Amino acid sequence: MTPSHRPTTLDDVARLAEVSRSTASRVIAGTGFASPAARDRVRAAVDRLGYVPNATARALARGGGVRLVVAVCGVTTAVLDDPYVERVVGAAARACAAYPAGVVLQWLPLHGATTLERIAQDRGVAGVVLVNATEPLLDAVPAELRGRIASIGIGSPTVPSFDVDNADGTDQVVRHLYASGRRRIAMVTGPRWLPCAGRAVAAYRQVMRETGLPVRLVPGDFTARRGRAAAGELLARWPDTDAVFAVSDLTALGVIAGLGETGRRVPGDIGVAGFDDIPHAALNTPALTTASHPVGSIAAAAATAVLHGRPVPPVTSFPSALVRRTSA
């Protein structure tokens, strides 16, 4: 018997069964050759000692890895401070609870092929969930990661994608602004390099064309700081603006703050709407009209697909729904 002050190890099992450590490991894992007699002795030793295999060690032994890397693409490491990323990591961690894996957060530069190659060579990596990937980055995914990588955002023939239908969500929000009587609707966009931001702009432009309204675009970056500055910029260019749609709730909240600094009332003078339905959106004054974004469900689905290792559809789209509140 092993001393009571420490857990039973594989070496203890091998010693009691009078076999090598590698033979004991093969019998317990159910892989490789071992004689019937050796198998019987190892199983008897496991029962006698109460040995429980370490899930992490087994995962490493079969090359499965023990870490799920959430790799977030961005211009700088500041992207890791986005509350959206926190929600992705939290949901991925909950999904990992069913597997012998933890979550690691990794920044990817816009041209992060070298970083991806390094991740692919790490035996401890079980898989990768890309966030905000670009087409060049998807094209650079190493062959070693195929089958254990997914993207939250755009995908490719070898990288399945999971994302919200933000084009439809944008359409719903902008049409709501129009239906409420707003006719001079400006939009604060997301980063130009990000494909999902482009889908939202295209949806906004489509509604403007259909309704015969002018297109008014101000660049944004998903931050409240940029939204605050954008409010002043759009009023300087179009003083008659009566509604603003921002492609993220944080930006929309920044717009509301910026409009307040100019003396504009929300929603009395200008209606404001966002996208994401973050928890703070409902607590703001005024409460923010927005569109839902099931970040947790998306991240959990992407993480589970990677860790489960089974084929999934090339594109999995999650619906977005208008959330009417008092800001617009």
Side-chain angles (χ1 to χ4, degrees), residues 82-84 164-192 194 196-293 320-328:
D82 191 327
Y84 168 77
V164 66
D165 188 350
N166 71 327
D168 183 62
T170 295
D171 180 271
Q172 293 182 58
V173 172
V174 177
R175 290 186 188 278
H176 167 71
L177 295 173
Y178 180 83
S180 68
R182 314 287 178 172
R183 293 296 181 268
R184 296 173 297 280
I185 306 169
M187 177 182 184
V188 183
T189 71
R192 292 183 178 179
L194 191 59
C196 71
R199 294 198 303 265
V201 171
Y204 163 82
R205 286 182 178 276
Q206 178 64 29
V207 178
M208 296 299 100
R209 281 194 297 270
E210 291 181 10
T211 56
L213 300 181
V215 170
R216 299 177 171 185
L217 295 174
V218 176
D221 62 3
F222 293 156
T223 67
R225 176 182 294 182
R226 178 59 197 145
R228 194 172 202 149
E233 292 175 17
L234 67 88
L235 288 179
R237 295 177 63 183
W238 308 291
D240 63 343
T241 296
D242 62 4
V244 180
F245 166 61
V247 79
S248 81
D249 283 351
L250 279 179
T251 301
L253 295 174
V255 168
I256 291 175
L259 291 175
E261 292 169 355
T262 69
R264 301 303 205 280
R265 294 173 297 119
V266 178
D269 299 321
I270 300 178
V272 178
F275 189 99
D276 283 332
D277 195 21
I278 61 175
H280 189 63
L283 303 176
N284 190 64
T285 302
L288 185 65
T289 291
T290 184
S292 63
H293 186 171
S320 176
L322 174 68
V323 181
R324 295 181 178 87
R325 296 196 180 102
T326 55
S327 69

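None of the values given here were measured: they were computed from a predicted structure. Numbering of residues begins at 1 and proceeds along the displayed sequence.
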Original post:
How far does CZ of Arg324 sit from OG1 of Thr326, to the nearest 0.5 angstrom?
Top reply: 13.5 Å
Original post:
So, do Ile185 and Met208 sit near enough that their side-chain heavy atoms are less than 4.5 Å apart?
Top reply: yes
Subject >> Contacts of type salt bridge (charged side-chain N to carboxylate O under 4.0 Å, His left out), residue Asp171, not counting sequence neighbours >> reply: Arg175
Subject >> Of all pairs that satisfy ring-ring contact (aromatic ring centres under 6.0 Å, His included), the ones with a partner from residues 259-288, not counting sequence neighbours >> reply: Phe275-His293
Original post:
Taking all atoms of both residues into account, what is the closest heavy-atom pair of Leu250 and Pro83, and its distance?
Top reply: CD1-CD, 3.7 Å
Original post:
How long is the gap from CD on Gln172 to OG1 on Thr290, to the nearest 0.5 Å?
Top reply: 11.0 Å
Original post:
Can you list the steps and then say if Val255 with Ile270 is a side chain to side chain contact (heavy atoms under 4.5 Å, CB included)?
Top reply: CA-CA 10 Å; Val255 168; Ile270 300 178; over 6 Å; no
**OP:** State which residues pass salt bridge (charged side-chain N to carboxylate O under 4.0 Å, His left out) with Arg192; sequence neighbours excluded, sorted by chain then number.
**Re:** none
Original post:
Thr289 side chain to Ala328 main-chain N or O, any donor-acceptor pair under 3.5 Å?
Top reply: yes
**OP:** Can you measure from CZ (Arg237) to CG (Leu217) and round to the nearest 0.5 angstrom?
**Re:** 8.5 Å
Subject >> Residues forming a side-chain hydrogen bond (donor to acceptor under 3.5 Å, both in side chains) with Asn166, sequence neighbours excluded >> reply: Arg199
**OP:** Go through the steps to decide whether Tyr84 and Ile278 satisfy the test side chain to side chain contact (heavy atoms under 4.5 Å, CB included), and finish with yes or no.
**Re:** CA-CA 9 Å; Tyr84 168 77; Ile278 61 175; over 6 Å; no
**OP:** Could I get the full list of side-chain hydrogen bond (donor to acceptor under 3.5 Å, both in side chains) partners for Arg216, not counting sequence neighbours?
**Re:** Asp240, Thr241
Original post:
Among pairs that include at least one residue of residues 246-255, which meet salt bridge (Lys or Arg N to Asp or Glu O under 4.0 Å), considering only residues two or more places apart or in two chains?
Top reply: none
**OP:** Test side chain to side chain contact (heavy atoms under 4.5 Å, CB included) on Ile256 and Leu288 and set out the steps.
**Re:** CA-CA 9 Å; Ile256 291 175; Leu288 185 65; 4.0 Å; yes
Original post:
Can you list every pair that meets salt bridge (Lys or Arg N to Asp or Glu O under 4.0 Å) and has a residue in residues 271-280, with sequence neighbours left out?
Top reply: Asp277-Arg325
Subject >> Min side-chain heavy-atom separation Val173-Tyr204 under 4.5 Å >> reply: no
**OP:** Kindly state each residue pair satisfying ring-ring contact (aromatic ring centres under 6.0 Å, His included) with at least one member in residues 207-229, sequence neighbours excluded.
**Re:** none
Original post:
When rounded to the nearest 0.5 angstrom, what distance separates CG in Leu213 from CZ in Arg205?
Top reply: 13.5 Å
**OP:** Locate the shortest heavy-atom distance separating Ala252 from Ala273; write the atom from each residue and the value.
**Re:** CB-O, 3.8 Å
Original post:
Got a sec, which residues hit salt bridge (charged side-chain N to carboxylate O under 4.0 Å, His left out) with Arg228, two or more places apart in sequence or on another chain?
Top reply: Glu261
**OP:** Hey, could you give me the CH2/CD distance between Trp238 and Glu233, rounded to the nearest 0.5 Å?
**Re:** 9.5 Å
Subject >> salt bridge (charged side-chain N to carboxylate O under 4.0 Å, His left out) against Asp242, all qualifying residues, sequence neighbours excluded >> reply: Arg184
**OP:** Side-chain contact test, heavy atoms from C-beta onward, threshold under 4.5 Å: evaluate it for Ser292 versus Ser320 and give yes or no.
**Re:** yes
**OP:** Please identify each residue that fulfils side-chain hydrogen bond (donor to acceptor under 3.5 Å, both in side chains) with Thr223, with sequence neighbours left out.
**Re:** Asp221
Original post:
Quick one: side chain to side chain contact (heavy atoms under 4.5 Å, CB included) partners of Pro219, sequence neighbours excluded?
Top reply: Thr189, Arg226
**OP:** Locate the shortest heavy-atom distance separating Pro267 from Ser327; write the atom from each residue and the value.
**Re:** CB-O, 3.3 Å
**OP:** Decide yes or no on side chain to side chain contact (heavy atoms under 4.5 Å, CB included) for Val247 and Val188, but give the supporting numbers first.
**Re:** CA-CA 6 Å; Val247 79; Val188 183; over 6 Å; no
